[in-house]
Amino acid sequence: MGWDACDIIIVTGDAYVDHPSFGMAIIGRLLEAQGFRVGIIAQPDWHSADAFRALGRPRLFFGVAAGNMDSMINRYTADRKKRSDDAYTPGGMAGKRPDRASLVYSQRCREAYKDVPIILGGIEASLRRIAHYDYWQDKVRRSILLDARADLLLYGNAERAVVELAHRLSAGEPIERITDIRGSAFIRKDTPDDWMEIDSTRIDRPGKIDKIINPYVNTRDLPQCELEKQQGDAAVETDDTQVLHIEPSPRQRLDRSRTVIRIPSFEKVSRDPVLYAHASRVLHLETNPGNARALVQLHGDQEVWLNPPPIPLSMEEMDYVFDLPYARVPHPSYGKQEIPAYKMIRFSVNIMRGCFGGCTFCSITEHEGRIIQNRSQHSIIREIEQIRDKVPGFTGVISDLGGPTANMYRLACRSPEIEAACRKPSCVYPGICQNLNTDHSALTTLYRAARKLKGVKKILIASGLRYDLAVEDPEYVRELVTHHVGGYLKIAPEHTERGPLDKMMKPGIGTYDAFKRMFERFSAEAGKDQYLIPYFIAAHPGTTDEDMMNLALWLKRSGFKADQVQAFYPSPMATATAMYHSGRNPLRRLSYKKSAEKVETVKGERQRRLHKAFLRWHDPDNWLLLREALKEMGRADLIGSGEHQLIPEHQAESDYVAPRRKNSHKSSRAGKGRILTQHTGLPPRQDGEKGKGRKPGGAGVSGKAKPASRQAGKGREQGKSVSARKSRRV
């Protein structure tokens, strides 16, 4: 390039793929377009600082991110076991990034060039910007800003923030003075004199005080919100669940731009799970860019300050970002090694960002926000044409037009004023907001335009569909089912029971049934044999054993046999993670009272295995555990071979083979120096030998077992009465 140095060096935990689905490619290309010299250090060897000196000293700053995924979720399963692969590494090889990669990389950058500012970004930093529960250590950790010893943290989609930061640093402004960028977190000693501070560090109310304002309702820049004005004294609640929100002066007008809310300190939330839930609740209520206030949290003698979230990009800005000159392929240094994550998305197009669903187990909204950021149809069509003309291996099939949710494109609040004032965590729970525009016509028009492109044979939709929105627009469902389903469509009801669904903020199973009827009708009209793939979560907070039992019965009645099971994974800063850690519900007011709502959490290994076993009720390997549990629950009536019973009474030899294992190679027989086992070629035990009756999958159950049909649940044993029901493995 003819450079003597880089202005900015980006360090990332992913292999470098120059594609707009990879965050570091977007940031790198954007800064390059602004005239900065940008270098990328991808997946460096973190065992010393040498790899971080590879491009020399950056003139402005190091930008550090773990990659497209949180490094801990990338490396460990929900059972805290190490994964054997990494989709963002050449060859899928595991172990190319450290645990808590953002933290480790930052410390190595500091070691390499101690005077260079370090800026944290990416989803890992976003979800750890305040004190957060760490599932892997089972404790509350400090803000990553402190542990990484970084100068600034940019959370969310930070295009606007990183461009402003780069220009200000380039103009000579010290990093210590840059404290006013939206979507940033930094460390300061105390609150400036010209700021108003609201104390929200406790949840108990002291004696009678004047002018209490409830921060859990939609407030405006008024001395008192209109709702409470109208209600008068009745608006002041009488129990001790009220969060304090005290105005220093009744006559002083609140200025949100100069107001900061103090949440409980790290020391308090690490010792008190209820205060942790309270801090989580306050943070999630301050996420609307239109009315959010700054937050501050004390860590020892240092204060972590969070500015309000970034303003969403306009459509023109989104087009600009996605129209940058991406090569759309991995870096050539990787040769012929495949990068699984790239292989998955190389023929897909991201049409929007954000999600207003508010699912408590998901962290998308904490990172990308609830306001949908859309690209124009022209920009999307242009990207499809680039894929067709430039990407190697294109066969005419676009694998996805989507984003975090397939069908939120161009959906928004009908009123910008209402949108700017709203503090609801979801636009679709407990029902679809009357102010939400659910017209899918823009998306339908996009699908039709994309199908007409020369050289494009098929447009598939692979992103998850929000079916409660889809049923509001039957014409969209018809278009989707007729032209854009490749045999299977994935949707996520997550559960059937109201208890866990309320904790997830998901619609009832009746909405799924309504969509299923619509899907099957339009599939029949199109003359296509197509199926829904429903996703369910095991062990989510608020889920009881009875809830999972009822879900298993629903799965059997519906003819679904789940092959892969998703267990709840407590990601940092998610609302459901606060439920998991605290046993309380941050969706409601919090209290220390014994009568306060408690959330049942699934933490023990046996109970987590049981909840997953209910989802895989058809697998004989799970029957012993399920029998024991059903008897303990007083539901032994569900054990037997009847149509309405869940599992057979007798254990059979397990001949079940998961579809993903059918094509795997069998283990070779033991060679020289190896010991023969059942897995390496030892013949099956014969009757009369030691261990008689211990069949594979029998877990020690003795006695002669009756063979169980692998078709249990299809109705084959119950005669022809349910033969028309289609059973399929999911």
Side-chain angles (χ1 to χ4, degrees), residues 1 3 5-19 22-29 31-32 36-76 82-83 85-126 128 144-145 147-154 158 162 166 327 329-335 337-342:
M1 301 292 291
W3 299 346
C6 292
D7 296 318
I8 298 158
I9 295 177
I10 297 173
V11 182
T12 175
D14 293 339
Y16 186 72
V17 181
D18 196 25
H19 188 284
F22 288 73
M24 291 305 100
I26 288 180
I27 298 300
R29 288 294 185 187
L31 290 169
E32 178 190 48
F36 296 101
R37 299 170 296 178
V38 183
I40 308 285
I41 300 178
Q43 295 189 320
D45 180 0
W46 69 91
H47 295 96
S48 75
D50 294 342
F52 298 81
R53 300 188 182 101
L55 297 177
R57 182 186 185 278
R59 187 174 68 90
L60 297 179
F61 64 85
F62 275 111
V64 174
N68 271 19
M69 282 183 68
D70 182 283
S71 63
M72 298 299 287
I73 295 176
N74 176 280
R75 199 171 186 199
Y76 296 92
K82 281 190 177 181
R83 300 187 192 273
D85 57 1
D86 182 344
Y88 292 90
T89 299
M93 185 183 301
K96 286 294 185 178
R97 77 185 80 209
D99 291 354
R100 310 182 211 287
S102 297
L103 191 158
V104 176
Y105 291 161
S106 296
Q107 292 176 343
R108 288 303 188 203
C109 288
R110 185 69 71 200
E111 183 180 345
Y113 301 101
K114 64 180 181 180
D115 58 335
V116 174
I118 296 172
I119 312 302
L120 289 178
I123 193 166
E124 180 166 282
S126 281
R128 290 171 165 78
I144 194 173
L145 192 60
D147 287 342
R149 297 191 300 155
D151 296 278
L152 197 68
L153 184 154
L154 301 181
V162 77
V329 293
H331 194 275
S333 64
Y334 302 129
Q337 294 184 87
E338 284 189 346
I339 299 173
Y342 167 70

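The first residue in the sequence is number 1, and the count goes up from there. What you see below is based on every heavy atom in this structure, not just the backbone, and it leaves out hydrogens, waters and symmetry mates.
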Enquirer: Report the residues that fulfil side-chain contact (heavy atoms from CB on, under 4.5 Å) with S126, sequence neighbours left out, ordered by chain and then residue number.
Expert: R129, Y155, H367
Enquirer: Check residues 113-120 and write down every donor-acceptor pair under 3.5 Å in which the side-chain atom is one partner and the other belongs to a residue at least two apart or another chain.
Expert:
{"unit_1": "D115", "atom_1": "OD2", "unit_2": "R57", "atom_2": "NH2", "d": "2.9"}

Enquirer: Of all residues at least two apart in sequence or in a different chain, which pass the salt bridge (charged side-chain N to carboxylate O under 4.0 Å, His left out) check with R108?
Expert: E111
Enquirer: Who pairs with D18 by side-chain contact (heavy atoms from CB on, under 4.5 Å), at least two apart in sequence or on another chain?
Expert: Y16, A25, R29, Y326, A327
Enquirer: With sequence neighbours excluded, tell me which residues meet side-chain hydrogen bond (donor to acceptor under 3.5 Å, both in side chains) with S71.
Expert: E124
Enquirer: Identify, with sequence neighbours excluded, every residue that meets side-chain hydrogen bond (donor to acceptor under 3.5 Å, both in side chains) alongside D70.
Expert: R128
Enquirer: So how far is it from F62 CZ to Y105 OH, rounded to the nearest 0.5 Å?
Expert: 13.0 Å
Enquirer: Under the rule for side-chain contact (heavy atoms from CB on, under 4.5 Å), what residues qualify as partners of A166, not counting sequence neighbours?
Expert: I8, L31, F36, F61
Enquirer: Who passes salt bridge (charged side-chain N to carboxylate O under 4.0 Å, His left out) against R37, sequence neighbours left out?
Expert: D4, D7
Enquirer: Who passes side-chain hydrogen bond (donor to acceptor under 3.5 Å, both in side chains) against Q337, sequence neighbours left out?
Expert: none
Enquirer: Restricting to salt bridge (charged side-chain N to carboxylate O under 4.0 Å, His left out), what partner residues turn up for D99, sequence neighbours left out?
Expert: R75
Enquirer: Partners of A158 by side-chain contact (heavy atoms from CB on, under 4.5 Å), sequence neighbours excluded?
Expert: L154, A161
Enquirer: Go through the structure and list residues passing salt bridge (charged side-chain N to carboxylate O under 4.0 Å, His left out) with R100, not counting sequence neighbours.
Expert: D134
